[in-house]
Amino acid sequence: MARFAITNATIVNEGKRFKGFVIVNGKYIEKIGHAGEDFNKYAPEEIIDASNLLLIPGVIDDQVHFREPGLTHKGDIYTESKAAIAGGVTSYMEMPNTKPQSVTLENLNEKFKIAQEKSLANYSFYFGATNDNIEELIKIDPNKVCGVKVFMGSSTGNMLVDDDEALEKIFKHAPTIITTHCEDEGTIRKNLEHYKSLFGDNIDFKYHSTIRSTDACYLSSSKAVRLAKKHDARLHILHLSTKKELDLLDNKIPLTEKKITGEVCVHHLWFNDADYDKLGWRIKWNPSIKTEEDRLALVNALKNNVLDVVATDHAPHLVSEKDNVYTKSASGGPLVQHSLIAMLEMSLKGYFSLEKVVEKMCHAPATLYRIEKRGFIREGYYADLVLVAPDKQHVVNRDNILYKCSWSPFEGYTFNHSVEMTIVNGRIVYNKGSFDESTKGESLSFNS
């Protein structure tokens, strides 16, 4: 693999922004230099002029559903990793609720084999906890497997863990970080029955946030925190959606020392419950999008490091699976191609700094999961890099959406940033709409 230089870039990395260059040699970053230094002494075989472009580390998305195996009519590892690459996401961690579910080592290893052959981005996969697979769970390799996923509430592809004894064992014995989907099933069921008594199956989507309510979230997430503290486990609460749950988290210690951490997803930062009237099924996620007060609290918690990482919960469904009456409409939506530019748009609007976007989408996932040599622009690290045009408008439409499901909740929106180039392990995989699929991503390694 050739040595090449990325020159004249505005490098955004580790809280700083400066003009400079990066030398890539093989899979790795060889040298980072400032403007005015001579990059030619490194004898690059190719020079990429990044004038007027931002250079950031590749985004690491710690929560995606790529639907393979078993649900590939709406997404697969190839199509969704390709969309991820086009969006500047160079590494992802994928969830276990496929068919078959990744609840045995055999099924988990099969996913790694598929990704090795098909994924354009780097990858890892969660092991799915159930009420009765603790003997398998304790055998997972913490240097290879990103974490254990526990559905402490129902969701698409139901893997509900509702047995208290099983939960105790999971939190006591899990060899990796434990990630949780926290919604209380009993509360949701009661709320749903109430609205069905009023409207039957044709419930207005605006009630999704009161069916899958703040109380449903807090009951479950507070229980997860109690279990984690009891067993001194590493707990990462996924897709937090309420102001109330933020009281369960802490920003008084560095991320490297935190045992209990929280993720927020792009859609919970972008939308609020007033958007149901216009977008309906397009923004039906679990947990639900809630109030503007909740949204702004999540934004502030991200700025103040109460929330630790930003992800997508990318979960594609066909329009035919979404565009139904409320009770038959699938929850989840595609986001991984547009997460970075959406966050950059929020930065442009003044919600948080560009440096904070890079911190929460690139650095923090690498730190939290202890990913080896990724997530930062550092000499000796893997060359997972993204070039972004900060003033090139990009309209989302069916012609440029790469998801297999062929739709986006952002359709028709004009973003003011565009991903120009994505480099994975030193290879230019995406360049202004063109892909080099000759090499594939690599399995992530974790320093357990």
Side-chain angles (χ1 to χ4, degrees), residues 1-35 37-50 53-62 81 84-85 87-93 112 115-116 119-124 143-144 146 256 340 358-359 361-388 419-431 435-448:
M1 296 169 67
R3 177 189 281 122
F4 62 90
I6 303 170
T7 65
N8 302 316
T10 298
I11 300 172
V12 185
N13 184 58
E14 301 193 66
K16 298 177 181 178
R17 193 184 314 192
F18 62 96
K19 288 277 191 177
F21 67 87
V22 169
I23 304 294
V24 175
N25 188 4
K27 295 181 181 181
Y28 302 102
I29 296 168
E30 182 178 12
K31 177 66 180 178
I32 303 163
H34 288 74
E37 294 181 46
D38 182 15
F39 63 84
N40 284 305
K41 65 182 180 181
Y42 298 97
E45 299 171 43
E46 182 181 353
I47 297 172
I48 298 169
D49 185 358
L53 299 178
L54 306 173
L55 178 63
I56 69 171
V59 171
I60 301 171
D61 194 332
D62 77 350
S81 70
I85 290 293
V89 177
T90 57
S91 300
Y92 63 85
M93 292 170 253
F112 279 95
Q116 186 178 15
S119 181
L120 300 185
N122 304 312
Y123 52 85
S124 189
N143 299 118
K144 177 183 178 182
C146 52
T256 52
L340 174 59
V358 172
E359 176 192 342
M361 299 190 82
C362 311
H363 305 332
T367 299
L368 194 157
Y369 283 84
R370 304 170 183 172
I371 302 173
E372 186 175 332
K373 293 185 177 181
R374 300 190 192 274
F376 298 85
I377 301 178
R378 291 176 178 169
E379 293 172 5
Y381 272 52
Y382 287 97
D384 295 341
L385 302 165
V386 182
L387 284 170
V388 177
V419 174
E420 295 290 281
M421 181 180 291
T422 305
I423 298 166
V424 183
N425 302 318
R427 288 276 192 179
I428 301 170
V429 180
Y430 175 79
N431 188 5
F435 292 85
D436 177 1
E437 301 180 16
S438 62
T439 59
K440 300 300 183 284
E442 298 185 2
S443 179
L444 298 176
S445 296
F446 305 90
N447 297 312
S448 61

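Index from 1, following the sequence.
The closest side-chain heavy-atom distance from Ile60 to Ile371 is below 4.5 Å. When side chains are defined from C-beta on, Ile377 counts as touching Val22, because their heavy atoms get closer than 4.5 Å. Contact annotation: the side chain of Asp384 never approaches that of Thr422 to less than 4.5 Å [non-hydrogen atoms, C-beta and beyond]. Side-chain contact between Val388 and Glu420: absent, with no pair of heavy atoms (C-beta onward) separated by less than 4.5 Å. Looking at heavy atoms from C-beta onward, Lys19 lies out of side-chain contact with Asn8 at the 4.5 angstrom threshold. Side-chain contact between Met421 and Ile48 is present, with heavy atoms from C-beta onward closer than 4.5 Å.
For the side chain to side chain contact (heavy atoms under 4.5 Å, CB included) with Pro57, the lone residue among Asn13, Val386, Val12, Ile29 that qualifies is Asn13.
Closest of all the heavy-atom pairs between Met93 and Cys146 is SD-CB, 3.5 Å. Considering every non-hydrogen atom in both Gly20 and Ile11, the closest pair reads C-CD1, 3.9 Å. The heavy-atom pair separating Ala121 from Ser91 by the smallest distance is CB-N, 4.4 Å. Of all heavy-atom pairs between Ala366 and Gly375, the closest is CB-CA, 3.9 Å. Closest approach of Ile428 and Asn431 over heavy atoms only: CG2-CB, 4.0 Å.
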Worksheet item: Would Arg378 and Glu14 satisfy salt bridge (Lys or Arg N to Asp or Glu O under 4.0 Å), going step by step from the backbone distance to the final call?
Response: CA-CA 10 Å; Arg378 291 176 178 169; Glu14 301 193 66; 3.0 Å; yes
Item to complete: Apply side-chain contact (heavy atoms from CB on, under 4.5 Å) to the pair Ile423 and Val429, showing each step before the final yes or no.
Response: CA-CA 6 Å; Ile423 298 166; Val429 180; over 6 Å; no
Worksheet item: Do Tyr28 and Asn425 pass the side-chain contact (heavy atoms from CB on, under 4.5 Å) test, and can you show the C-alpha distance, the side-chain angles, and the key distance before you say yes or no?
Response: CA-CA 7 Å; Tyr28 302 102; Asn425 302 318; over 6 Å; no
Practice prompt. May I have the step-by-step check of side-chain contact (heavy atoms from CB on, under 4.5 Å) for Val358 and His363, ending in yes or no?
Written response: CA-CA 7 Å; Val358 172; His363 305 332; 3.6 Å; yes
Item to complete: Kindly determine whether Phe4 and Tyr42 satisfy side-chain contact (heavy atoms from CB on, under 4.5 Å), including the steps that lead there.
Response: CA-CA 9 Å; Phe4 62 90; Tyr42 298 97; over 6 Å; no
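Atom OG1 of Thr10 is separated from atom CD1 of Ile56 by 12.5 Å, given to the nearest 0.5 angstrom. Going from atom CZ of Phe39 over to atom CD1 of Ile32 covers 16.0 Å, rounded to the nearest 0.5 Å. A distance of 5.5 Å separates CG of Leu387 from CD1 of Ile6, quoted to the nearest 0.5 Å. Interatomic distance, Phe446 CZ to Ser124 OG, rounded to the nearest 0.5 Å: 3.5 Å. Residue Lys31 holds its NZ atom at 9.5 Å from CD1 of Ile23, rounded to the nearest 0.5 Å. The OH atom of Tyr430 lies 12.5 Å from the CG atom of Leu120; values are rounded to the nearest 0.5 Å.
A donor-acceptor pair is defined here as one N or O able to donate and one able to accept, closer than 3.5 Å; no such pair exists between the side chain of Lys27 and the backbone of Val24.
Ring geometry for Phe18 against His34 counts as parallel: the plane angle stays under 30°, on a 0 to 90° scale with 60° as the upper cut. Between Tyr123 and Tyr92, the ring planes lie tilted relative to each other; the angle falls in the 30° to 60° range.
The existence of a salt bridge linking Glu46 and Arg3 is excluded, since no basic side-chain nitrogen approaches an acidic carboxylate oxygen closer than 4.0 Å.
A cation-pi arrangement is present between Arg374 and Tyr382, with the terminal nitrogen or guanidinium carbon under 6.0 Å from the aromatic centre and inside a 45° cone about the axis. Taking the centre and axis of the six-membered ring of Phe112, the NZ or CZ atom of Lys144 falls inside the cone set by 45° and 6.0 Å.
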